[in-house]
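Written out below as structure tokens is the structure these notes cover.
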Amino acid sequence: DAGVTQSPTHLIKTRGQQVTLRCSPKSGHDTVSWYQQALGQGPQFIFQYYEEEERQRGNFPDRFSGHQFPNYSSELNVNALLLGDSALYLCASSFRGKSEAFFGQGTRLTVV
Amino acid sequence: AQSVTQLGSHVSVSEGALVLLRCNYSSSVPPYLFWYVQYPNQGLQLLLKYTTGATLVKGINGFEAEFKKSETSFHLTKPSAHMSDAAEYFCAVSEWGGSNYKLTFGKGTLLTVNP
């Protein structure tokens, strides 16, 4: 049983560019949450998708947007990248947002 | 709003010694509490969780934690540290809200285990 998978594992982008990160949830899960983990910090909640809609959002600007597809996979998009967006981006999946959250390995984004 | 404070950003113990990682939370409603472990360049792995019921929770790899409502604490312990326990540990709180279920994490505690 594949767990939560994220792609790519590493990414280098230039300031001002746009980036798309992808996440496939654990089999049987229908809810996807995204977190940003800056170096030396705990993960911070970005947003959560359930039934293809954004259900809850953390304190992140509109440059951060997402999407959930009918197969429950999800994308995180970040526009107009800033140096401060450099972080590990973690995807977590759960069943209807009510069960234990399983995390993927993350995507390490470096903005130069 | 919910929040988590982990006391001590770095804890160092000898192999075989007691591990104690401290976590205090703030929540306006009865919380769900979690401990996650993160190894270098890895995602988060759930160690244990408290939802309702028994306040002493046992997790994987010999870890356990006790929910103390009066102290708003959820400290993580392990009787005897092993070299493989060296990692970063995160305490997290969730306010049960149906499909609106999100985790608020502490800043983490780096555990080093000395031979």
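So that the names make sense, note that chain A is the first sequence line, chain B the second, and so on, each numbered from 1.
- A distance-only check finds no donor-acceptor pair linking the side chain of Glu54(A) to the backbone of Phe47(A) [under 3.5 Å].
- With hydrogens and angles ignored, the 3.5 Å screen pairs a side-chain donor or acceptor of Gln6(B) with a backbone N or O of Cys91(B).
- Heavy-atom distances place the side chain of Leu46(B), and not its backbone, under 4.5 Å from chain A.
- Contacts between Gln38(B) and chain A at a heavy-atom distance below 4.5 Å involve the side chain alone, from C-beta outward.
- Classified by interplanar angle (parallel below 30°, tilted 30° to 60°, perpendicular above 60°), the ring pair Phe105(B)/Tyr35(A) is perpendicular.
- Here Gln41(A) is the residue among Arg108(A), Gln44(A), Gln41(A) with the most heavy-atom pairs under 4.5 Å with chain B.
- For Gln37(A), the part lying under 4.5 angstrom from a heavy atom of chain B is the side chain only.
- Between the Asn24(B) side chain and the Thr72(B) main chain, a donor and an acceptor come within less than 3.5 Å of each other.
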